[in-house]
Novice: 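Have a look at the structure that comes next, please.
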Amino acid sequence: MRYLLLIALAFTQTYAAHPASESLKPSPHAIDIPSWFDETFLDFREDVRDAAKAGKRLLLYFGQDGCPYCRELMHVNFGDKTLADKTQRHFSAVAVNVWGDREVTWTDGRTLSEKAFAALLKVQFTPTLLFFDEKGAVVLRLNGYYPPHQLHAALDYVSGRHEGKTAFADYLARHAREPASGKLHDQPFFLKPPLDLDRSRRPGTRPLAVLFEQKECATCDELHRQGFAHPDVRALVPKFDVARLELFGKERLVIPQGKSLTAEQWGRELRVAYTPTLVFFDEKGVESFRVEAYLRPFHLASALDYVASGTYRKEESFQRYTQRRAETIRAAGGTVDLW
């Protein structure tokens with residue numbers, strides 16, 4: 001899935017996949033951030049107003065130490081001068097440490113610590129990016145790492161005020177094309193069509209994982225080539241009923257709530273924009289978790305384990321769960337490959 005959903009864990013080791021750009025310098029934030037990020041009092045009411053006065057919109061970045069996806073965002077995406085210049089031109093960027101103790105003021109006037117604020121907004125993945133309009137409303141949220149060409153499209157979508165004109169999924173599909181195989185890949189564990197996923201009358205015996213993909217999707221190709229081929233992932237897949245859908249597909253199916261919809265209609269109802277996206281449902285058809293950004297195999301396996309074990313019911317923070325899982329593997333003598 002080379003460039004998908006991203007979850008960043010609070011690990012303290014250094015990642016050397018990409019050398020640090022000279023445009024990056026050490027800062028008190030969760031990961032090295034560009035010098036052009038704004039230092040504010042973290043009163044987001046003021047930040048929204050100040051951005052509007054400058055003809056910009058506010059962008060909040062949630063990150064943490066030891067996050068390989070945050071590092072990728074900072075060193076690869078913002079290391080690209082064209083993308084960095086576009087961000088600076090249209091946005092006032094402010095960083096939030098998901099484990100930090102600085103006081104922030106939300107747009108409704110509530111004050112709380114950075115970590116309490118991240119919990120309030122249910123930030124499960126880092127980086128998470130929130131884009132605001134001039135009135136302080138969130139117009140787009142990216143839960144995880146998006147590669148440069150997709151982040152370009154997201155910036156254009158928000159800066160161009162397209163949120164009232166078209167869904168982000170449609171905009172992304174039109175403006176973030178990429179070289180890909182041009183086909184959907186099959187797996188032996190996929191449920192066979194026609195799909196009847198109804199759990200409203202009879203509970204399922206296993207959790208349901210619904211995978212939304214597209215044919216022109218390089219990260220979907222990588223998911224099948226690396227993610228589903230990884231032994232840890234393959235060991236966990238049998239714990240699920242797995243259904244695969246084409247995001248804008250016209251095939252009809254029965255969704256967990258018992259309605260008959262096309263794949264495209266259901267994807268819009270679920271607000272799926274990124275592919276591949278995995279949406280998990282419990283035995284009664286209630287959504288329990290989702291992954292909608294770039295994930296490497298370790299984090300994909302962690303997501304599957306988080307749901308299959310039922311841990312999500314008692315541990316609301318996927319990041320804390322993944323950190324403990326990594327520590328357990330290391331304590332047993334295993335290795336954890338975060339990237």
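Atoms considered below: every heavy atom in the structure, side chains included; atoms not considered: hydrogens, waters and symmetry mates. Please read all numbers here as calculations on a predicted model, not as lab measurements.
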Novice: Take Leu211 and Thr277, measure what side chain to side chain contact (heavy atoms under 4.5 Å, CB included) needs, and give me the verdict at the end.
Specialist: CA-CA 6 Å; Leu211 173 64; Thr277 281; over 6 Å; no

Novice: Inspect the contact between Glu315 and Arg320 and indicate whether a charged nitrogen and a carboxylate oxygen are less than 4.0 angstrom apart.
Specialist: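 Looking at Arg320 and Glu315, the cut-off is not met.
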
Novice: Nearest 0.5 angstrom please: Cys70 SG to Phe62 CZ, how far?
Specialist: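 Rounded to the nearest 0.5 Å, the SG-CZ separation comes out at 12.0 Å.
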
Novice: Assess whether a salt bridge exists between Glu163 and Arg141, defined as any Lys/Arg side-chain N lying under 4.0 Å from an Asp/Glu carboxylate O.
Specialist: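 Here Glu163 does not pair with Arg141 in a salt bridge, since their nearest N and O are not under 4.0 Å apart.
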
Novice: Salt bridge check, Arg313 against Glu283: does any charged N sit closer than 4.0 Å to a carboxylate O?
Specialist: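 Yes.
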
Novice: Please determine whether side chain to side chain contact (heavy atoms under 4.5 Å, CB included) holds for the pair Val286 and Phe281, giving the CA-CA distance in whole Å, both sets of side-chain angles, and the decisive distance to 0.1 Å.
Specialist: CA-CA 5 Å; Val286 177; Phe281 298 86; over 6 Å; no

Novice: Just checking, any donor-acceptor pair under 3.5 angstrom between side chains of Tyr157 and His175?
Specialist: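 On atom types as modelled, these side chains do not qualify, holding no pair under 3.5 Å.
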
Novice: Is the gap between the ring centers of Phe289 and Tyr312 under 6.0 Å?
Specialist: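 Between Tyr312 and Phe289, which both carry aromatic rings, the centre distance is not below 6.0 Å.
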
Novice: Can you see whether Arg290 engages Gln124 through a side-chain donor-acceptor pair at a distance of less than 3.5 angstrom?
Specialist: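 There is no such pair (donor and acceptor under 3.5 Å, judged by atom type) between the side chains of Arg290 and Gln124.
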
Novice: Does any donor atom in the side chain of Asp282 or Ser288 lie under 3.5 Å from an acceptor atom in the other side chain?
Specialist: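 No.
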
Novice: Does some side-chain heavy atom of Glu246 sit less than 4.5 Å from a side-chain heavy atom of Leu184?
Specialist: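 Answer yes - side chains close enough.
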
Novice: Would Arg252 and Thr262 count as having a side-chain donor-acceptor pair, cut-off 3.5 Å?
Specialist: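 Short answer, no.
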
Novice: Under 3.5 Å, side chain of Lys56 to main-chain N/O of Asp50, donor-acceptor pair present?
Specialist: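 Between the backbone of Asp50 and the side chain of Lys56 there is no qualifying donor-acceptor contact (under 3.5 Å).
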
Novice: Mind telling me whether Phe132 and Trp106 have parallel, tilted or perpendicular rings, with 30° and 60° as the class edges?
Specialist: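 Correct class here is perpendicular.
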
Novice: For the rings on Phe298 and Trp339, is their centre-to-centre separation under 6.0 Å?
Specialist: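 For Phe298 and Trp339, the ring centres are not under 6.0 Å apart.
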
Novice: For a quick check under 3.5 Å, do Ser200 and Asp198 share a side-chain donor-acceptor pair by atom type?
Specialist: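 Yes, side-chain donor-acceptor contact under 3.5 Å.
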
Novice: Any idea how Phe37 and Phe78 line up, ring-wise: parallel (<30°), tilted (30 to 60°), or perpendicular (>60°)?
Specialist: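 Rings of Phe37 and Phe78: perpendicular, over 60°.
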
Novice: Can you classify the ring geometry of Tyr274 versus Tyr146 as parallel (below 30°), tilted (30 to 60°) or perpendicular (above 60°)?
Specialist: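 Aromatic pair Tyr274/Tyr146 classed tilted.
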
Novice: Spell out, as yes or no, whether a donor-acceptor pair under 3.5 Å connects the side chain of Arg234 to the backbone of Phe228.
Specialist: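 Confirmed, Arg234 side chain pairs with Phe228 backbone.
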
Novice: Say whether Thr275 and Glu213, considering side chains only, have a donor N or O and an acceptor N or O under 3.5 Å apart.
Specialist: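 Per modelled atom types, Thr275 and Glu213 side chains form no pair under 3.5 Å.
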
Novice: Answer yes when Arg45 and Asp43 have at least one side-chain N-carboxylate O distance shorter than 4.0 Å, and no when they do not.
Specialist: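 The answer is yes: the pair qualifies as a salt bridge.
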
